Amino acid sequence: MTPSRRVPSSPPSRSSFARAVLAVLWKDLAAEVRSRELLSAMLVFALLVILIFNFAIELAPDLRPTITPGVLWVTLAFAGTLGLNRSMAVEKDRGCLDGLLLAPVDRSAIFFGKMLANWVFMLLVAVIILPLYSVLYNLNLFHPGLLLVILLGSLGYVAVGTLLASMAVQARTRDILLPILLFPVIVPLLLAAVRASGGFLQAAPFEQIRPWLNLLIGYDAIFLAVAYMLFDAIVEE
Amino acid sequence: MTPSRRVPSSPPSRSSFARAVLAVLWKDLAAEVRSRELLSAMLVFALLVILIFNFAIELAPDLRPTITPGVLWVTLAFAGTLGLNRSMAVEKDRGCLDGLLLAPVDRSAIFFGKMLANWVFMLLVAVIILPLYSVLYNLNLFHPGLLLVILLGSLGYVAVGTLLASMAVQARTRDILLPILLFPVIVPLLLAAVRASGGFLQAAPFEQIRPWLNLLIGYDAIFLAVAYMLFDAIVEE
Amino acid sequence: MEPRPKLLSLLTALSTLLFLAALAVIFFYAPLEATMNYVQKVFYIHISTAWVGMLGFLAAAAAGIAFLITKNLKWDIVEVAAVEISLVFFLVAIVTGSIWAKPSWGTWWTWDARLTTAAILEMIYLAYLLLRQGIEDPERRARFGAVYTLIGGLSVPVTFLSIRLWQTIHPAIIGTASAQAQGGFAMSPAMLHTMFFALGAFSVIFITLLWHRIRLGRLAEIVEQRKLQAVE
Amino acid sequence: MIRVRKLVKRFGLKTVLRGLDFDVQAGEFVAILGPNGAGKTTFLRILASLTRPSLGEVVLAGCRLPAQAAAVRARLGVVTHQPLLYGDLTAEENLRFYARLYNLPRPADRIEEVLDLVGLASRRRDLVRTFSRGMQQRLAIGRAILHDPDILLLDEPHTGLDQEACDMLDRLLDQVAARGRTVVMTSHDLARVEDLASRFDILTGGLLRASAHRQELRGNLLDFYRETLAK
Amino acid sequence: MIRVRKLVKRFGLKTVLRGLDFDVQAGEFVAILGPNGAGKTTFLRILASLTRPSLGEVVLAGCRLPAQAAAVRARLGVVTHQPLLYGDLTAEENLRFYARLYNLPRPADRIEEVLDLVGLASRRRDLVRTFSRGMQQRLAIGRAILHDPDILLLDEPHTGLDQEACDMLDRLLDQVAARGRTVVMTSHDLARVEDLASRFDILTGGLLRASAHRQELRGNLLDFYRETLAK
Ligand code: HEM
Ligand SMILES: Nc1ncnc2c1ncn2[C@@H]1O[C@H](COP(=O)(O)OP(=O)(O)OP(=O)(O)O)[C@@H](O)[C@H]1O
Ligand SMILES: Nc1ncnc2c1ncn2[C@@H]1O[C@H](COP(=O)(O)OP(=O)(O)OP(=O)(O)O)[C@@H](O)[C@H]1O
Ligand SMILES: [Mg+2]
Ligand SMILES: [Mg+2]
């Protein structure tokens, strides 16, 4: 074994940061591409949530269009929890989280890797359920504004979600803790997303939508920054 | 060690069946009494679901009374999944399910033990959220009829739920499979429960409620019988 | 490899003919419905596929029971075949229903009990496929699958009866679907003939497809065994 | 006591056990040896009726597995790679739970006895979740012998045990064997099983390749093992 | 290389390590021995910066833990009670993933080399989930040495390994030690570590009670261990 193989002990550079993020992302996607389990489960779950809601809670038909954005986001939030939970359960399974923590990479690289993977899954789910919802609610949901809102909303969601999931998974009650930690924090974000989506769908003047969009962007920025800073504190032991 | 300690190899009697059921029930309750995790998690979750709904889907206040039963049952169903999942995850943790299967007890005794424990948890959650909902929705939910519906509805729910949870936990995707398997098959039961609850709350004539109650009882009977007969096939290996 | 049975070839030919005949009958024999015009023709396909799909789900449950009793994996193949084909049939029913709903109710979809229970029934069998995907041991996969088709089968009658269940409490919804389900719109004898012919044709098509799918499952099993022998 | 004929176990396309024949008389103590991935765990799990055979016949104490497994379960004690214990219960509560399932007549006394035996009496009220690896293994052994089974199936039972606990286990197994119980055990520690078992079977490539009694070997277990694998 | 002073670790009210002092020079090979529940795993996890000390000073290669842990991670290889592997990835993919995290220059060659070393070359494309216990342990060792670390922390690394794999591991550790790497290892198998380590520390009751070099012992490790515990 030649010394050349030895790892340079210099502090991790920018490129090594990106490499670590990609390694984690690649790992999650590779496992998913092999099994395709998570995505299909999230999808079926998303459909179920909407069916059950509309069934159990009977609303007058004329009310329905206005609540579409709410249902859409609640569905995404629930399906997202499934994804987050699984994504972290995988890390706990054979002690893999310890393996990640032992690696000489910035913890925030691990965080961003996991977060990006979760984001990809959530966006894929959104892309697939949108046409279905369009049919079910008799509305065209392929509005560029709505797509933007989904992009922004899910980013904030996975930022906090990944952070809290890594906390939940370390508790004894990991099977049940995540939604409890996540939902209360995510409410303002969901609200902003619902309002912004509703605005775009009802073709409200942009003036009315802008504050919600700004709120969304603000939340994203804050959540990303907070998650970035706190992840270290959460995973280290 | 005297031979007197040896276990009689006669087929398990009625009393030994009851003893095994109680042993499993006792074990689940003891673990919960110690940690009180599951119950508190289910409760918090139940509260969150309703809060999020009220937030994301803005309803006119006058609409609320009519949708209360729907929200109540959807909440119970979601909180129930949490409980079922955890109840089975515990069994998989250090291979405990193998330990149960190795024991010389009827498999249906194990099933009923787990089911009863889940039922107890669900009823406790219901008992605690009822007053909260009463306050939130400004309705008196402590109607004896409603309590009966909750008793019946949750019985059917845990019967199928326990069965499907023991299936889900043996699959690779156990973190995500349960709600997907459970929700679609539970819909008729939920529906009957929602209708019956609504009937009682709106003081509908008993004639109108009776078909739904009958449906509930029928489902309970069928689900219990089916679960009892099929549990063997699920855990045996 | 077992040759394709004569009867199956016959059935395949017959199914093709029946399908074409059904189309012909629907378009040329059945009278135009007064208000709906051509769109109404989709009704015959809608009703046939819905029926046959539901019967297929029940057949899958029956195969599940047979598996649980005999523990013979061939019933598992029958079960999967029945579920997969019924899933497609039922999807066709939902889609044709939507197509019909657009002109008749002015919307592709509405949260009516029948529609929702139908969609949920479809989800049950999607969940069934997901369940099977998550289990590697073929024997256990078969057992779990059988159990789930059995429980899923319980939802079939509910879906079917959903209109009646609703009638008692929510008359608002009934005006649309179930008045007709009970024979509300006057069907001329020609329409009835067409309907029964389509029903029969789709039943035969279903059986043919089922047979093909079972054969496919068997062949896959044989391939698996050959691979096994090759590995050893 | 145990009779296995033409046992085949497949996982998907991979055949792990390929037609195994195996017999154990009542009172025998058999050690199954073999390299990693040989199929020892799979075989033991089939004997314990925790895994189904793909083909072949398995008879335990006159009962065919898996069909008649229920009839022998009460007479079976099993240690697997996992401890089969509830992390959220204490050591004592775990044993009490199993005592109930096995319907022991005087559970409290027996639990006392077993906890002493495995050296966990002082930790009886601690949650199993907080136990070290060796302590969990000790309790797993306690759980397996709680109902004094006729047949003991042990998968690498010495794993994680310290010197003292290993000695305890060896003494225990000696006693169990002396009382005429049947034991089937796997292990990688040849030196330790050499003095323990009365027969050594070597499993490799899904088949039992060789079998020898202790008397025949005269302390040459390692050579016997190496030669068999080299073949 | 490693310097530990007055290390205390508490879990709730229970004190597991009570003021431990410990020094390892670069190139030393230390075996930590002790009964079940002595605190060996806890201690090793603290050295690996996987657990935080409650009190005291821990310095690895000049970096204080836990604050400066990041600076030594690249030079650390760890084997714990769990394999730290992804069940849904293959053996090769697991190693490839870690190779990326450790930024190895020619990962493919090194992965090849390591898979050969631990004897899993033929199973490289199988999912780790389907591996036997010993095969997972082999891969866990492969993962730990992948980046040729300066400091190896091994918690009962021989667990579940068969004869051949144990010999492989021993040869590997000999080589590693010969190249001047530092090794800290726990074990319950005194016979095996006797020829492996250069120093033996005995941990019991949360303290290091005794320490001896191989030369001093002259093959009497077992006696030394027993005597220390008897004290
Ligand atoms: C269990 C599944 C279903 C069954 C058995 C079923 C059966 C039927 C039957 C028998 C009729 C005709 C009744 C009559 O004309 O007398 C009908 C009409 C209709 N069905 Fe379905 N159906 C099912 C699902 C669906 C679904 C999922 C949709 C929509 C997406 C749908 C949309 C319609 C529409 C629009 C009509 C015509 C109503 C009208 O003319 O006003 N059906 N269905
Ligand atoms: N679920 C599974 N799917 C596929 N292959 C499996 C599965 N379980 C075990 N195997 C394979 O079966 C073989 C035997 O495994 P087993 O665990 O019985 O080995 P073992 O003899 O106990 O090994 P060890 O000494 O390492 O514990 C291995 O090659 C393993 O990869
Ligand atoms: N999370 C925890 N909470 C409470 N106590 C703990 C926890 N983890 C470990 N302990 C206790 O700390 C002590 C030391 O445990 P540790 O796992 O370090 O022992 P060990 O020396 O590795 O034992 P073994 O040889 O059995 O692996 C034990 O008494 C154990 O019960
Ligand atoms: Mg094994
Ligand atoms: Mg330890």
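Computed from a predicted model, the values in this text were never measured in an experiment. Here is how names work: the chains are called A, B, and so on, in the same order as the sequence lines, proteins then strands, and each is numbered from 1.
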Original post:
When rounded to the nearest 0.5 angstrom, what distance separates OG1 in D:T80 from CZ in B:R94?
Top reply: 12.5 Å
Original post:
For chain D, which of B:G99, B:C96, B:A23 has the most heavy-atom pairs under 4.5 Å?
Top reply: B:C96
Subject >> Closest heavy-atom pair and its distance - B:L100, D:F97 >> reply: CD2-CZ, 3.6 Å
Original post:
Which residue out of D:R143, D:Q136, D:Q175, D:E93 racks up the most heavy-atom pairs below 4.5 Å with chain B?
Top reply: D:E93
Original post:
Of the non-hydrogen atoms in D:Y86 and B:V90, which two are nearest, and what is the gap between them?
Top reply: CD2-CG1, 3.8 Å
Subject >> Largest heavy-atom contact set with chain B, pairs under 4.5 Å, which of D:H81, D:R96, D:R73 >> reply: D:R73
Original post:
Between D:T90 and chain B, which part of the residue has a heavy atom less than 4.5 Å away: side chain, backbone, both or neither?
Top reply: both
Subject >> B:D98 side, atom CG; D:L84 side, atom CG - distance, nearest 0.5 Å >> reply: 6.0 Å
Subject >> Short side-chain to backbone donor-acceptor contact, B:R19 and D:R100, under 3.5 Å >> reply: yes
**OP:** Side chain from CB out, backbone as N, CA, C, O: work out which of these in D:A48 comes under 4.5 Å of a heavy atom of chain B, or both, or neither.
**Re:** both
Original post:
If you tally heavy-atom pairs under 4.5 Å against chain D, which of B:A31, B:A30, B:A109 wins?
Top reply: B:A31
Original post:
If you draw a 6.0 Å radius around CD in D:Q82, do more than 12 non-hydrogen atoms from other residues or ligands fall strictly inside?
Top reply: yes
Subject >> Nearest heavy-atom neighbours spanning D:L101 and B:V105 >> reply: O-CG1, 3.3 Å
Subject >> Within 6.0 angstrom of B:R34 CZ, more than 12 heavy atoms from elsewhere >> reply: yes
Original post:
Can you pull out the residues in residues 120-128 of chain B with any heavy atom less than 4.5 Å from chain D?
Top reply: none
